[in-house]
J.: 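Take this structure first; my questions come after.
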Amino acid sequence: MHRVKVRVVEDALDANTTIADANRADFDRANVAVVNLMSAPGAGKTTLLEAVLGPGMDGVRAGVLEGDVAGSLDADRLAHLHIPVVQLNTDGGFGGECHLDANMVRSALPALDLEALDLLIVENVGNLVCPAEFKIGEDARIMVASVAEGQDKPLKYPLMFRACELVVVNKIDLLEHVRFDLDKFRYYLDQVHPDVHVITTSAYTGEGVDELRDWLAAVPARERRTAGAAV
Amino acid sequence: MHELSVAGAIVDTVVRAAEGRHVSAVRLRVGHLRQVVPDSLAFYLEIVSRETVCEGAAFEQVAVEAWLRCRGCEESWQVTEAAFRCPACAGSDVEVLSGEELEVESIEVEENAACTA
């Protein structure tokens, strides 16, 4: 027996990226744009989805893939919207994964009729770190931060705040009750992710919800344009 | 915090590369921007590698500095804290030169001497 050094030079996330690429190819074939919705637990992702998807999106057929460690509480909450909702639980493995990875999303695809969708919103497991590492084959990523979490979050979780195209500042109706300086938040965010688009929302009062719906509704057309340009 | 997920991805990569051979050492390159806490990663690597071909392997973590470059003015700089706007021209069109690595660079495997005639 002797020891041999083997050069590998492989990114540890390559295996995930390969599956994410396969997901992306399936999504492209079905002409469905995919948005990865990420946040800390309790930032209001599901309530926002209820507010955004409730009135329906003009001409855009939306569906939701709900990622949670356990249970179907979030999917149940969206059931009244009468859109395709699939629950994906991550507790099958090592004590319950804290994020969705490409393979988990892939395993849920048979339950979704992609052809019947223009937009699939994947609500990731609430977590401010791991979801940033694992691509799932999405076209766009949204990071939701609530004012109750504190203004310094971009500086503490730069990985997450850099890995998105849109930052939604939610629960803006609580601004008067919490010590959250929106200007400071924007300043910190700008240091971490200069020029990233920001929408402020309150799922309760409805502030900013139309703007977020418009942003989401524009993703499929934007992706088709990009895909068309690439051919 | 995400070191467990990262450790899992690393061990999967090492196991694939080892092709069934026992692994005695692993050399990793970990970029500063990945926000990995070395001690925490080491802790999880030890746990996740149990009952795999890399159980008991020595995992060496080589830290890679984060360097950015501004596409606007060509300035490049090392990032030590969360500051991704160009310090020279305040531009936002910035590319990452290094610091995003999460790479299995090499492994040391045990082979039967007969194989290397």
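Note on naming: letters A, B, ... go to the chains in the order of the sequence lines (proteins, then strands), and numbering restarts at 1 for each one. Small disclaimer: the values here were computed from a predicted structure and weren't measured. Basis for what follows: all heavy atoms, side chains included, without hydrogens, waters or symmetry-related copies.
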J.: Given a strict heavy-atom distance threshold of 4.5 Å, which part of A/Asp101 is in contact with chain B: side chain, backbone, both, or neither?
T.: neither

J.: First locate atom CD of B/Glu111, then atom NE2 of A/His2, and finally report the distance between them rounded to the nearest 0.5 Å.
T.: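 Spacing of CD (B/Glu111) from NE2 (A/His2) equals 5.0 Å.
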
J.: Roughly how far apart are A/Asp14 CG and B/Asp12 CG, rounded to 0.5 Å?
T.: 12.5 Å

J.: Within this structure, what is the CG-CG distance for the pair A/Asp195 and B/Asp93, rounded to the nearest 0.5 Å?
T.: 9.5 Å

J.: Would you call A/Lys5 and B/Glu108 a salt bridge, taking side-chain N to carboxylate O under 4.0 Å as the test?
T.: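 B/Glu108 and A/Lys5: not salt-bridged.
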
J.: Under 4.5 Å, counting heavy-atom pairs only, tell me which of B/Ala17, B/Ser24, B/Gly91 racks up the most with chain A.
T.: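 Max contact count across the listed options: B/Ser24.
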
J.: Might you point out which heavy atoms bring B/Ser106 and A/Arg7 nearest each other, and give the distance in Å?
T.: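 So the minimum-distance heavy-atom pair works out to CB-CA, 4.1 Å.
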
J.: For a quick test of reading the model, state the closest non-hydrogen atom pair linking B/Leu33 to A/Leu159 and the distance between them.
T.: O-CD1, 2.9 Å

J.: Please state whether the side chain, the backbone, both or neither of B/Val30 comes within less than 4.5 Å of a heavy atom of chain A.
T.: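 The answer is neither part of B/Val30.
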
J.: For a side chain to side chain contact (heavy atoms under 4.5 Å, CB included) check, start with the C-alpha distance between B/Arg21 and A/Val4, then their side-chain angles and the critical distance, and finish with the verdict.
T.: CA-CA 10 Å; B/Arg21 296 166 293 188; A/Val4 184; 5.8 Å; no

J.: Distance check, rounded to the nearest 0.5 Å: A/Asp11 atom CG versus B/Arg29 atom CZ?
T.: 10.5 Å

J.: Looking only at heavy atoms, which two atoms of B/Ser5 and A/Phe134 are closest? And how far apart?
T.: CB-CE1, 3.6 Å

J.: Taking the side chain as everything from C-beta on, heavy atoms only, tell me whether A/Val6 gets closer than 4.5 Å to B/Glu19.
T.: no

J.: First locate atom CD of A/Glu10, then atom CD of B/Glu103, and finally report the distance between them rounded to the nearest 0.5 Å.
T.: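 Between A/Glu10 CD and B/Glu103 CD, I get 9.5 Å after rounding to 0.5 Å.
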
J.: Counting neighbours of NZ on A/Lys135 that are heavy atoms of other residues, nucleotides or ligands and sit closer than 6.0 Å, is the number greater than 12?
T.: no

J.: Find the distance between CD (A/Glu133) and CD (B/Gln35) and round it off to the nearest 0.5 Å.
T.: 8.5 Å

